[in-house]
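What follows is one structure encoded as C-alpha cells, with my remarks underneath.
Predicted model only: the values in this text are computed from it and were never measured.
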Amino acid sequence: MPSTIAAQLIACLERATDAFVLLDLEWRVVHANAALAALVERPWDAVQGMSLWTLFPGASERQREALVRAAGGGSHEELEELQAWQAPSGIWIEARVSASPAGVLLLLTDATGRRRAIAERAQIEEVLRASEEAHRFLTESVPVQVWTARPDGLLDHVNRQVVEYFDKTSEEMLAEGWQQVIHPADLPAVLERWGASLASGEPYEVEFRLRRADGEYRWHLGRARAMRDAGGAVVRWFGSNTDIDDQRRAVATYRFMIEASSVLAASLDYEITLASVARLVVPELADWCAVELVENGELRNVAVAHVDPGKVALARELSQRWPVDPNARTGAPNVARTGKAEMFSRIDDSLLVMVARDAEHLRVIRELGLTSSMSVPLRARDRTLGVLSLVAAEPGRHFGAEDLRVAEELARRCAMAIDNSMLLRQAQHAEQEMRVLNEDLERRVGERTIDVKRAKDRAEEAHARLKEVDTMKDEFLDALSYQLASPINAVIGYTELLLEGSDGSLREEQRRYVRRITASSRVLLSLVHDLLDMSRMSAGKFELEMTLVDPGALAREVLSGLEPLTEMQGLRVVSRISAALPEIAGDGQRIEQVIANVLNNAIQLTSSGGLIRLAVEEAGQMIRFEVQHTGVSLSPVDLERIFRRFTHLGGAWLGLSIAQRVVEAHGGKMGVEANPGGGNTFWFTIPAASPDSLGLD
C-alpha cells in the first residue's frame, strides 16, 4: 500500500498537464498519468507495463542512447538531443530525466511552439543572409559607385567601383570620406546640400567633380535616399555616384557650337569675331586660347584669352622676350606649316625643360601652370589660314581625343568664317572699283564727248572687270551655298527626329518651337537653293527635271511647311485651291520653291495681324497661282525693281528674281500688282500638262 505522501504525489501527477511516466530499470512503464496516455494516443490502462520505446517509436537510436546516458548518470539536465522528439500524436516534446536505483522518472513537456519559433527564426535568418548576399552582389555588379552611410553621414560601406576609381582600399575610403576627392570648387555646394539632407532626411542629389586615381576630375551625379525604421527615424543612407562627364561634355559642346556659330555670324570683321570666339572658348573648352593668322608667311596673333587676365600680360611678355621660332618642330609654326593638328595630353616638367630657352624662360613658363595643350589648323579650300591653340592650366584637366575633335570642328567653322569674310571683302572691293569706274566713265563721257574712242575702250575695260567680278561673285555664291546647305539640312534632320520623339516625347509648346525652327530652316534652305540656281543660271548649267506634278498638292505642302512662321508672326492665312486641277509638266521641286519664295516674301511684307490669301485655279490652258497680302503697297518704282537680282524691298531679295526665271523656263509668266486697299498681289502661271509635255505620244 502506498503511503499517504505517495498517494498525494500520484494524485498531483494525475492532475498535471505535462506528461509523467515512471519506468523500471528495463524502461517499462510502471505508472503514467492521463497526459501521457493522451500524448501516445493509448488508453491509460493499456500503457502499464509497455516499453517506452514501443510507446514512442519515433524516437531515434541517438535519442534512446541520450536517455540511457542521462538515466545512468542520475542527471536532471535538459537534453538538447531530445528537443526533436515527436510523439505519436504529432506533438514535439522535450524530456527531463531523473533516475534512482528503483527506476527512472520522465517529465515530457510540449515543445511544438518552441520548435516552430526556432524553425521560423532559422528561415528568417536564411532569407536575411540571402538578401544580404544579393544586395552585396548587386552593389558590386552595377557600373556605378554605390555607398552607404550612417544616420550622421559617415560612410560605412563602398562598393568595388569606388575602390577601383580612386585606387584606395575600402578602409581608406571609409576613414577619409569624400572631401579629399571632390573638386575644391564644388565642395561647398556638396557639403551644404548633404548637410540639408542629413538635417531633414530628404533625398540628396547634386552634381560635382571627383578626382580619379590618375588625377583627372570627372563630373558625377550624386544621389542618396534615407532608410527609416517603423518610427520614421533614419537608420541608414543608401547612395550612388554616376559618371555623367561624357553626357555633360556632349551637351556643353553642342551648346558651345551653337553659340560659337552665332558669334562667327555676328560680324564680317573676322578679327573681332575671332576675339569673341577666344573669349567664348575660355573657360568652356580650355583655360587659355590663342588665334594666329598666316600673313606673308608668318604667324600674327589676333586674339588671346585666359581665365586669369593677369596671365594674358604674362603671355605677351613671353612672346616678346622669347619670340616663337618660325621653324620650330612643334607648336603653332609646325601646325601652320604641315596643316596637321598637334596635341600634348599631359605637359610635365621634363617637356618644359626641353623647350625652355634658358633658366629665366623656364621659370616664366612654369608660372603659367600648363597641364595640356593642342593646336589645330584653320583650313579652308585646301589652304591653312592660321592656327587655333588651346591650353589647359588647371590641375587634373587634360585634353583627349574628344577634345581634339571639338577643337577641329571649331577651327573648321572659324576658317569658313574667315574665308567667307575674305571672299566677301574681295567682292565688295571689286564692286566698289566697278562703281568708281562706271562713275568715272559717265563723267568722262559727259565732259569729253569728242573722245568717244577712249571712252569706248574704258567701257570695254570696265565691262571686263564687271564680268570678272560677276564670275567671282558666282564662285563665292556657289561655295557659300554648298557650305550652308549641309548644316541647315542637319538642323532640319535633328528637328524632325525631335518631333518624331526619338529622344523622348516633347511638350506641345516645345513641339511648336521645334516646328518653327524647322520652318525657318526650310526658308534658309530655300534661299540656299536660290543661290545655287542663280550660280547655275549664270554658268549656263540650269536644267529642269520634268515630271507630272499636282499643283494643288504642291501648294498645300508649302502652306503646311510655312504654318509655324505665319503662326509666329500672328498672320491669318486662307487658301482657295480648286478641286480636280489638271496636272502640270514641270520640275516639282523648283515650282515648290517658287511657291515658297512668293509666300515667304508675302509673309515678310505683312505686319502682325495681317491676312494672306493663296489661290490656285485653272485659267484656260494655264494654272494660275496667286498670293494676296494686306499691308503697305509697293510703289511703281519698287514694282519695276522687285524682280531684279539682289533687290531688297521689305522681304524680296534674291528669291523673286530666281522664281521669275524658273517660271519663264516652264513657259509661264510672273508679275505683281499693288492692291487698291493696301498690300500687293503676286501671281504666276504654269502651262497645264498636254500629251506631248513630257515627250509622250
Ignoring hydrogens, what is the shortest heavy-atom contact between [X] and [Y]? Give both atom names and the distance.
| X | Y | value |
| --- | --- | --- |
| S389 | S375 | OG-OG, 3.1 Å |
| S607 | L571 | O-CD2, 3.0 Å |
| P326 | R337 | O-NH1, 3.0 Å |
| G400 | M343 | O-SD, 3.6 Å |
| H361 | V355 | CE1-O, 4.0 Å |
| V376 | A407 | CG2-O, 3.7 Å |

Salt bridge (Lys or Arg N to Asp or Glu O under 4.0 Å) assessment of E409 paired with R405: CA-CA 6 Å; E409 174 61 20; R405 188 194 68 77; 5.9 Å; no
Around Q247, counting heavy atoms of other residues, nucleotides and ligands shown, do more than 12 lie under 6.0 Å from its CD?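 At most 12 heavy atoms, drawn from other residues, nucleotides or ligands, come within 6.0 Å of this atom.
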Within a reach of under 6.0 Å around CZ of R379, are more than 12 heavy atoms found that belong to other residues, nucleotides or ligands?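 Yes, enclosed.
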Going through the checks in order, is the side-chain contact (heavy atoms from CB on, under 4.5 Å) test met by L352 and I347? CA-CA 7 Å; L352 299 181; I347 298 178; 3.8 Å; yes
Pair [X] + [Y], salt bridge at N-O below 4.0 Å:
| X | Y | answer |
| --- | --- | --- |
| R212 | D167 | no |
| R300 | E271 | yes |
| R435 | E439 | no |
| R412 | E408 | no |
| E259 | R255 | no |
| D245 | R209 | no |
| D325 | R357 | no |

Working to the nearest 0.5 Å, report the span between [atom1] of [X] and [atom2] of [Y].
| X | Y | atom1 | atom2 | answer |
| --- | --- | --- | --- | --- |
| L293 | I418 | CG | CD1 | 5.0 Å |
| N420 | Y270 | CG | OH | 12.5 Å |
| E205 | S240 | CD | OG | 9.5 Å |
| L410 | M257 | CG | CE | 5.0 Å |
| I658 | N597 | CD1 | CG | 8.5 Å |
| H183 | Y217 | NE2 | OH | 5.5 Å |

Over 60° means perpendicular and under 30° means parallel, so tell me whether Y204 and W147 are parallel, tilted or perpendicular.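 Geometry flag for W147 against Y204: perpendicular rings.
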Mind checking side-chain hydrogen bond (donor to acceptor under 3.5 Å, both in side chains) for W178 and listing every partner two or more places apart, or none if nothing turns up?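 Residues passing side-chain hydrogen bond (donor to acceptor under 3.5 Å, both in side chains) with W178: none at all.
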side-chain hydrogen bond (donor to acceptor under 3.5 Å, both in side chains) against E176, all qualifying residues, sequence neighbours excluded: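 E176: side-chain hydrogen bond (donor to acceptor under 3.5 Å, both in side chains) contacts with K168.
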Derivation and outcome, side-chain contact (heavy atoms from CB on, under 4.5 Å), residues V662 and Q593: CA-CA 9 Å; V662 172; Q593 186 176 339; over 6 Å; no
Looking only at side chains, do N159 and Q161 share a donor and an acceptor under 3.5 Å apart?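 N159 vs Q161: donor-acceptor pair found between side chains.
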Taking [Y]'s backbone N and O only, do any of them form a donor-acceptor pair with [X]'s side chain (distance below 3.5 Å, no angle check)?
| X | Y | result |
| --- | --- | --- |
| D287 | A393 | yes |
| E342 | V335 | no |
| T338 | K340 | yes |
| R248 | R218 | no |
| S372 | S345 | yes |
| S197 | W194 | no |

Minimum side-chain heavy-atom gap [X]-[Y] below 4.5 Å:
| X | Y | result |
| --- | --- | --- |
| V291 | L378 | yes |
| L656 | R661 | no |
| Q145 | H220 | yes |
| V353 | L362 | yes |
| I365 | W322 | no |
| N601 | L605 | yes |
| W288 | V304 | yes |
| W219 | D186 | yes |

Check the pair R346 / T371 against side chain to side chain donor-acceptor pair (under 3.5 Å), numbers first and verdict last. CA-CA 6 Å; R346 293 181 180 275; T371 59; over 6 Å; no
For M416 and D419: C-alpha separation, side-chain torsions, deciding distance, then whether side-chain contact (heavy atoms from CB on, under 4.5 Å) applies. CA-CA 5 Å; M416 185 185 302; D419 190 49; 5.8 Å; no
Does the salt bridge (Lys or Arg N to Asp or Glu O under 4.0 Å) test come out yes or no for D269 and R425, once each step is laid out? CA-CA 10 Å; D269 189 333; R425 284 184 180 181; 3.7 Å; yes
Any chance you could lay out the salt bridge (Lys or Arg N to Asp or Glu O under 4.0 Å) test for D246 and R249, step after step, and finish with the verdict? CA-CA 5 Å; D246 293 338; R249 286 162 64 94; 5.0 Å; no
Which donor-acceptor pairs under 3.5 Å do the side chains of residues 274-285 make with protein atoms, sequence neighbours left out?
residue: S276; atom: OG; partner: I272; partner atom: O; Å: 3.1
residue: S276; atom: OG; partner: R279; partner atom: NH2; Å: 3.3

Could you walk me through whether V294 and L385 satisfy the side-chain contact (heavy atoms from CB on, under 4.5 Å) test, starting with their C-alpha distance in whole Å, then the side-chain angles of each, then the deciding distance to 0.1 Å, before giving a yes or no? CA-CA 6 Å; V294 177; L385 305 178; over 6 Å; no
